[in-house]
2 protein chains.
Amino acid sequence: MSKQCTLYKSIVNGGDTVSVPRSPRPGPRRASTEEQVLDAALALLDDGGIDAASVRGIAARIGVAPNAVYTYFADKAAVYQAIVERLLGDVDHGVFADREMPWPQRVESLALELRARLSAHPGAVPLMVSGPLGGPRALALNERLLGLFADAGLDAAEAARGSYLLIVYVFGSVALEVADAHRPGPLQPESERVERRREAFAAADTEQYPRTAAAAETIAASISTEQFLWGLRRVLAGIRPRSR
Amino acid sequence: MSKQCTLYKSIVNGGDTVSVPRSPRPGPRRASTEEQVLDAALALLDDGGIDAASVRGIAARIGVAPNAVYTYFADKAAVYQAIVERLLGDVDHGVFADREMPWPQRVESLALELRARLSAHPGAVPLMVSGPLGGPRALALNERLLGLFADAGLDAAEAARGSYLLIVYVFGSVALEVADAHRPGPLQPESERVERRREAFAAADTEQYPRTAAAAETIAASISTEQFLWGLRRVLAGIRPRSR
DNA sequence: ACCTGAACACCGTTCAAGT
DNA sequence: ACCTGAACACCGTTCAAGT
């Protein structure tokens, strides 16, 4: 298991953001088997969900015997953990590093970026939410968040609580959104998923669940980016240092 | 698959709350095989986590051939889905039904009750967060929440958004808390888990993560009931109808 | 250091058959 | 309606062996 923590690199071009894939060495594109295992696992996760990402499936995809995987990873859980680390490494810290911007906007950028990275790999989301988030990438993200809330005027303890609240909100939202997709594979367009929810809630018993029926439109759109932002702003309004 | 929605019963004794297990018929305690399957699955989930709750394991536990399970459930996913429904049915609606109480207190009671029910079965939490929450029990809970927020003075759409935000917060919190436990089986006492986190964060690199190190105590306690309540109150402060 | 063959103890699920 | 025996195509992981 490689415990090295290669630093992320990120580029911001006046608003447009480019997330740079970290490569340990910029040399020839000779991917190690260890990297191949993660590539394969992630591809299988993306295509067929967690069931498809078996050790044997991974090995088959890179043309190697199943037990070759154990040269690099102690067990399947270690592979999954490494995938979580890799995905957290995809998060572009540049989008919220700019201290000139008002802090709520920076938090919003972070939340949207994190959500986008996570929902790009729905099959991996259960892994992130079932295993401990204690790797170096998670720590680095948290450190950033703490700094952000410090800039907002919160003391160390408040910043820590606010950071955790934000993490809970983003991961919780994405987890429920992915769970709502029912099937494995990439997420359908948001509009289609909302539409399918609308149909489901329209079929609900109006007598037994009158309020649910009355708010069906809004409930159907609970997984939307718009409502993600609404909730995020409510959370931020709660965290914001009280001016009294 | 039984699609009947037996209504929950709940008893409130002046603050003390008793959650009553629903039995379809109050007659003799002759548990059907279908119920036995769920009992066995939940017991295995509690003891050894999701890996232990295999179809074969369930069947063995109730002394039946593995394929007997398929008389009642289409597949393993259906068993898991039924467990989610059962656990949501354990939530005592009585604790927040009292409309005399101030609404933030009612929401707090609901959140604490839901959290308690979920974390009583940590092995089942991944199931709740990975599958769609669209069963009758989830609908009933949501309907209650909508009514609660309506009592608070929110309109239908705001109530729907607020309800979803609360659900995201509670499920997200519990999911991260359970994930942090590392091992299967019942959760260790909160104090022990916080202590273990404290040790882990004390070992973190102070130079690389200075803010994390400075707030280690608070971060260690992120999974605590106290901080769950703190976050809940921040969320409620954000939802609360603005008086302007 | 890296990979394999073979084996072990498991899985989920199906099918035909029994009562 | 409810359950079983037997089988199928899979699992994750280990061990000894090969280069």
Side-chain angles (χ1 to χ4, degrees), chain A residues 1-4 24-25 28 30-45 47-84 123-124 126-127 130-131 182-184, chain B residues 1-4 24-25 28 30-45 47-84 123-124 126-127 130-131 182-184:
Chain A
M1 52 185 85
S2 70
K3 279 208 173 170
Q4 47 160 357
R25 230 147 279 206
R30 180 177 46 91
S32 71
T33 306
E34 186 173 349
E35 281 168 336
Q36 280 183 285
V37 166
L38 296 182
D39 290 341
L42 192 52
L44 291 170
L45 231 28
D47 282 7
I50 198 137
D51 290 338
S54 65
V55 173
R56 294 182 110 103
I58 292 166
R61 186 173 239 264
I62 62 181
V64 104
N67 44 4
V69 172
Y70 294 90
T71 305
Y72 304 96
F73 300 94
D75 50 22
K76 193 172 71 160
V79 177
Y80 287 167
Q81 220 176 315
I83 287 197
V84 167
L127 305 184
S130 321
H182 303 90
R183 54 182 151 185
Chain B
M1 54 183 85
S2 69
K3 281 209 174 169
Q4 49 160 356
R25 231 147 279 207
R30 179 178 46 91
S32 71
T33 306
E34 186 173 348
E35 281 168 338
Q36 280 182 284
V37 167
L38 295 183
D39 290 342
L42 192 52
L44 291 170
L45 231 27
D47 282 7
I50 198 136
D51 291 338
S54 65
V55 173
R56 295 182 110 102
I58 293 165
R61 186 172 239 265
I62 63 181
V64 103
N67 44 1
V69 171
Y70 295 89
T71 305
Y72 304 97
F73 299 94
D75 50 20
K76 193 173 70 161
V79 177
Y80 288 166
Q81 220 176 315
I83 287 198
V84 168
L127 305 183
S130 321
H182 303 89
R183 53 181 153 186

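Throughout, protein chains are lettered first and strands after them, A, B, ... in sequence-line order, and every chain is numbered starting at 1.
In this view, B:D39 and B:R86 satisfy the side chain to side chain donor-acceptor pair (under 3.5 Å) rule, not counting sequence neighbours. Taking B:A43 as the reference, B:R61 meet the side chain to side chain contact (heavy atoms under 4.5 Å, CB included) condition, with sequence neighbours excluded. Partners of A:D75 by side chain to side chain contact (heavy atoms under 4.5 Å, CB included), not counting sequence neighbours, listed by chain and number: A:A77, A:A78. Listed by chain and residue number, B:V69, B:Y70, B:K76 satisfy the side chain to side chain contact (heavy atoms under 4.5 Å, CB included) test with B:V55 (two or more places apart in sequence, or in another chain).
Applying the 4.0 Å criterion to OP1 and OP2 of D:dA1, one finds that B:T71 has every side-chain N and O outside that range.
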Reading DNA chain D 5' to 3', what string of ( ), [ ], | and . shows its pairs, if Watson-Crick and G-U wobble pairs count only when both distances fall under 3.5 Å? ||.|||||...|||||.||
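The two residues B:Y80 and B:I50 have their closest heavy-atom pair at OH-O, 3.8 Å. A:L42 approaches A:I83 most closely through the heavy-atom pair N-CD1, 3.8 Å.
Judged by distance alone, with hydrogens and angles left aside, the side-chain atoms of A:S54 form a donor-acceptor pair with the main-chain N or O of A:G57 at under 3.5 Å.
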Mark up nucleotides 7-19 of chain C, 5' to 3', with B wherever a protein heavy atom is under 4.0 angstrom from a base atom, S wherever such an atom reaches only the sugar-phosphate, and - elsewhere. B---BBBBB----
Determine, stepwise, if the pair A:F73 / A:L38 fulfils side chain to side chain contact (heavy atoms under 4.5 Å, CB included). CA-CA 10 Å; A:F73 300 94; A:L38 296 182; 3.8 Å; yes
